[in-house]
Amino acid sequence: MMLVLCGSAMKKRTAILISGRGSNMQSLVAAMGDPEFPAEPAVVISNRPEALGLSWADEQGIATVAIDHRQYANRMAFEARLHQAILDHGAELVCLAGFMRLLTGGFVDRWRDRLMNIHPSLLPAFPGLDTHQRALDAGALIVGCSVHFVRTEMDSGPILAQAAVAVLPGDTAETLAARVLEAEHQIYPLALRLVASGAVRIENETAIFDGPVEVPLPLVVPSLGRTR
Ligand code: GAR
């Protein structure tokens, strides 16, 4: 039996939370432009009113909301407003896409297994900021990016998808970040598609996909003479 999506009725409405340029948001919106994609954009929310991604989303005709965290007395008040804005737009899934505010347990628990994040490292390696420089300093030969369901601890939670990227001779944090970003743009839509289609379940804090998954050959990288 083939499952056919009827109009947008069965699509999971998805809120995208950003803080800056929003290139991952753009990759998600582009993927959602496919009529067969099981999710659709509900709203783009930024904690920074000046975020470039917010005006881009507005130009695409997507609902946008700026919730400036500096206007709120504490994290709970900010997150209450965030939660309400997501509900007001009928979103069932939330994608953090370069959203640079830590979220407390109250918010994270309310959206458990419906709240995703992308991080530019192969988690659990290098959580937090400055990931590319830290990976270079550590002499890593393979870096990458991860999409995961969010848990309270920063950049933690069941991993939904990862992509590996080779470190090349002469790489700087900037050149590495640019190549990892290209991989981010591939895995976030992939992870959202799997989650929105209902193909993911969580067992013992591990994400499991129902259905066939293509596993590519391993990426093998010899030490290419990169100097630290
Ligand atoms: C991306 O590289 C994303 O992985 C990272 O911020 C960048 C946002 O870029 N997120 C984190 O570091 C979260 N811990 P974008 O605004 O162009 O999507």
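First listed ligand is number 1; within each ligand, the first listed atom is number 1.
Side-chain polar atoms of S23 and H185 form a donor-acceptor pair below 3.5 angstrom.
Per-residue contacts place S23 under 4.0 angstrom from the following atoms of ligand 1 (heavy atoms of the residue considered): 15 (P), 16 (O), 17 (O), 18 (O). Against a heavy-atom cut-off of under 4.0 Å, M100 is close to the following atoms of ligand 1: 11 (C), 12 (O), 13 (C). Atoms of ligand 1 found under 4.0 Å from any heavy atom of P120 (numbered from 1 in listed order, with element): 4 (O), 5 (C), 10 (N), 11 (C), 12 (O). Residue contact check: G98 has heavy atoms under 4.0 Å from atoms 6 (O), 8 (C) of ligand 1.
Looking only at protein heavy atoms, the nearest one to atom 10 (N) of ligand 1 is I118 O, 3.7 Å. From the protein, the heavy atom lying nearest to atom 14 (N) of ligand 1 is H119 ND1, 3.0 Å.
A heavy-atom separation below 4.0 Å is not found between I18 and ligand 1. Contact analysis leaves Q26 out of contact with ligand 1, as no non-hydrogen atom separation drops below 4.0 angstrom.
Using a 4.0 Å cut-off between charged nitrogen and carboxylate oxygen, R13 and E40 count as a salt-bridge pair. Comment: R201 engages E203 in a salt bridge, judged by a side-chain N to carboxylate O separation of less than 4.0 angstrom. Look at E205 and R112 and you find a salt bridge, because one of the NZ, NE, NH1 or NH2 atoms lies within 4.0 Å of a carboxylate O, short of that distance. With respect to the salt-bridge test (charged N to carboxylate O, under 4.0 angstrom), the residues D113 and R151 qualify.
When only interatomic distances are considered, the shortest N/O to N/O separation between G22 and ligand 1 falls below 3.5 Å. Ligand 1 has an N or O atom lying under 3.5 Å from an N or O atom of R21, backbone or side chain.
Between P158 and I202, the shortest heavy-atom contact is CB-CD1, 3.8 Å.
Ring geometry, F78 versus F99: the interplanar angle falls under 30°, so the pair is classed parallel (tilted spans 30 to 60°).
At a heavy-atom cutoff of 4.0 Å, ligand 1 is contacted by the side chain of D155 but not by its backbone. Contacts of E184 with ligand 1, taken as heavy-atom pairs under 4.0 Å, involve the side chain alone.
Listed for the S146 side chain is no donor-acceptor partner under 3.5 Å among the backbone atoms of Q162.
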